[in-house]
Peer 1: 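Here it is, the structure in full.
Values reported hereafter were calculated over all heavy atoms of this structure, with side chains retained and with hydrogens, waters and symmetry mates removed. Convention: sequence-line order gives letters A, B, ...; per-chain numbering from 1.
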Amino acid sequence: MTTPQLPTTTPENVQQLLNRAQSLAGYTLGELAARANIAIPRDLKRDKGWVGMLLELYLGASAGSKPEQDFPERGVELKTIPIDSRGKPLETTFVCVAPLTGNSGVTWESSHVRHKLQRVLWIPVEGERQIPLEQRRVGSPLLWTPNEEENEQLKRDWEELMDMIVLGKVERITARHGEVLQIRPKAANSRALTEATGEHGEPILTLPRGFYLKKNFTAALLARHFLL
DNA sequence: ATCTGATCATGA
DNA sequence: TCATGATCAGAT
């Protein structure tokens, strides 16, 4: 099976990163885990980040779990995305934490969402639960930068959602707001609390939230690449 | 507590 | 069946 070698360094340039990613296509998670000497969990219930961490190893990601892009030197963010047999996303994609305080003066241009999504290396991975984890295959990577239309969609949603946060309406936001970008809880559990601003400008405690890309958006972006 | 990596599990 | 709201583990 001759799986790719594990790199010991961060990629020198984007081409090398892309080469590394392409070399993984077609291998199973079992093959990659074996060569990396990583134990394979029976499922992802208690190891939700396992696939992402495994691929980071094979690409030489440097940031670890620091609040940075995965390849800060290259300006690239890595996202594994679980897909079904037709290539469609099985899950939404977490982007970053939604800032609930200190938002006076923040704009789309300076937002974390825009910066995170400026360049993303998408790696599709088979994600159907009927396929044993070790048999799931890695797909072909896609290096993506939002086009004008995607940027506008993201900007519109971001502005709508941030307006609600700034106006103290965090707790009125549901995952139904936004066409392509949504805000949902991002926490250890429903008892975790963080500071925000209430409807009358008072400080309140609320569930930490995150920005997520809806499946319609990631499905379209993958389709544009793979069936054009 | 908050960031990283995300998927789970239940109600509609 | 599927998206929303809830949750899991590890690093910092």
Peer 1: Heavy atoms under 4.0 Å, any strand shown: does A:Leu207 hit a base, just sugar-phosphate, or nothing?
Peer 2: sugar-phosphate
Peer 1: Of the candidate nucleotides B:dA6, B:dG5, B:dC8, which contains the atom at the shortest distance from the side chain of A:Leu44?
Peer 2: B:dC8
Peer 1: Give the rounded distance in Å between these two atoms: NE2 of A:His177 and C1' of C:dA3.
Peer 2: 16 Å
Peer 1: For A:Arg35 and A:Gln5, what are the C-alpha separation, side-chain angles and deciding distance, and is it a side-chain contact (heavy atoms from CB on, under 4.5 Å)?
Peer 2: CA-CA 8 Å; A:Arg35 160 92 103 143; A:Gln5 273 189 291; 4.1 Å; yes
Peer 1: In whole Å, what is the span from the CH2 atom of A:Trp50 to the C1' atom of C:dA11?
Peer 2: 19 Å
Peer 1: Quick check: on DNA chain C, is the nucleotide nearest A:Ala175 upstream (toward 5') of the one nearest A:Lys45, or the reverse? Name the residue that is more 5'.
Peer 2: A:Ala175
Peer 1: For a quick check, tell me whether the side chain of A:Tyr212 and the base of C:dA3 share a donor-acceptor pair closer than 3.5 Å.
Peer 2: no
Peer 1: Within the modelled atom types, does a donor on one side and an acceptor on the other bring the side chain of A:Lys186 and the base of B:dT4 under 3.5 Å apart?
Peer 2: yes
Peer 1: Main chain of A:Thr28, side chain of A:Glu31: is a donor-acceptor contact present, judged purely on distance under 3.5 Å?
Peer 2: yes
Peer 1: Answer with base, sugar-phosphate or nothing: what part of the nucleic acid does A:Pro208 contact at a heavy-atom distance below 4.0 Å?
Peer 2: nothing
Peer 1: Using OP1 and OP2 only, check whether a side-chain N or O of A:Thr92 sits under 4.0 Å from C:dT4.
Peer 2: no
Peer 1: A:Lys214 has an atom NZ; how far is it from atom P of C:dG5, in whole Å?
Peer 2: 10 Å
Peer 1: Please report, rounded to the nearest Å, how far the P atom of B:dG5 is from the CD atom of A:Glu91.
Peer 2: 16 Å
Peer 1: Looking at A:Arg172 and A:Met164, would you say the former's side chain and the latter's main chain have a donor-acceptor pair under 3.5 Å?
Peer 2: no
Peer 1: Counting only side-chain nitrogens and oxygens, does A:Arg191 get under 4.0 Å of the OP1 or OP2 atom of C:dT7?
Peer 2: yes
Peer 1: Answer with yes or no whether A:Lys48 presents, from its side chain, a donor or acceptor under 3.5 Å of a partner atom in the base of C:dT7.
Peer 2: yes
Peer 1: Can you tell me the distance, in whole Å, between the CG atom of A:Asp47 and the P atom of B:dT7?
Peer 2: 12 Å
Peer 1: Indicate, with a heavy-atom threshold strictly under 4.0 Å, whether A:Ala192 touches base, sugar-phosphate, or nothing.
Peer 2: nothing
Peer 1: Within the structure, does a side-chain N or O atom of A:Ser190 lie under 4.0 Å from either OP1 or OP2 of C:dT7?
Peer 2: yes
Peer 1: Please pick, from C:dG5, B:dA9, B:dA6, the nucleotide with the shortest atom-to-atom distance to any side-chain atom of A:Arg129.
Peer 2: B:dA9
Peer 1: Short question: side chain of A:Glu134, backbone of A:Gly30 - any donor-acceptor pair under 3.5 Å?
Peer 2: no
Peer 1: With a 4.0 Å cut-off on heavy atoms, is A:Gly49 in touch with a base, just the backbone sugar-phosphate, or nothing at all?
Peer 2: base
Peer 1: Of the options B:dG5, C:dG5, B:dT2, whose atoms approach the side-chain atoms of A:Lys116 most closely?
Peer 2: B:dG5
Peer 1: Expressed as a whole number of angstroms, how long is the span from A:Asn189:CG to B:dA9:C1'?
Peer 2: 15 Å
Peer 1: From CG of A:Leu133 over to C1' of B:dA6, roughly how many Å is that when rounded to an integer?
Peer 2: 13 Å
Peer 1: Taking only N and O in the side chain of A:Arg46, is any of them less than 4.0 Å away from OP1 or OP2 of C:dA9?
Peer 2: yes
Peer 1: Do the side chain of A:Asp157 and the main chain of A:Val180 share a donor and acceptor less than 3.5 angstrom apart?
Peer 2: yes
Peer 1: Go through the steps for A:Glu150 and A:Arg224 under the test salt bridge (Lys or Arg N to Asp or Glu O under 4.0 Å), then give the verdict.
Peer 2: CA-CA 12 Å; A:Glu150 289 165 333; A:Arg224 205 172 80 229; 2.4 Å; yes
Peer 1: Give a yes/no on whether any side-chain N or O of A:Arg176 is located under 4.0 angstrom from OP1 or OP2 of C:dA3.
Peer 2: no
Peer 1: Rounding to an integer number of Å, can you tell me how far A:Leu54 CG sits from B:dT7 P?
Peer 2: 13 Å
Peer 1: Ignoring backbone atoms, establish whether A:Lys215 has a side-chain N or O less than 4.0 Å from OP1 or OP2 of C:dA3.
Peer 2: yes
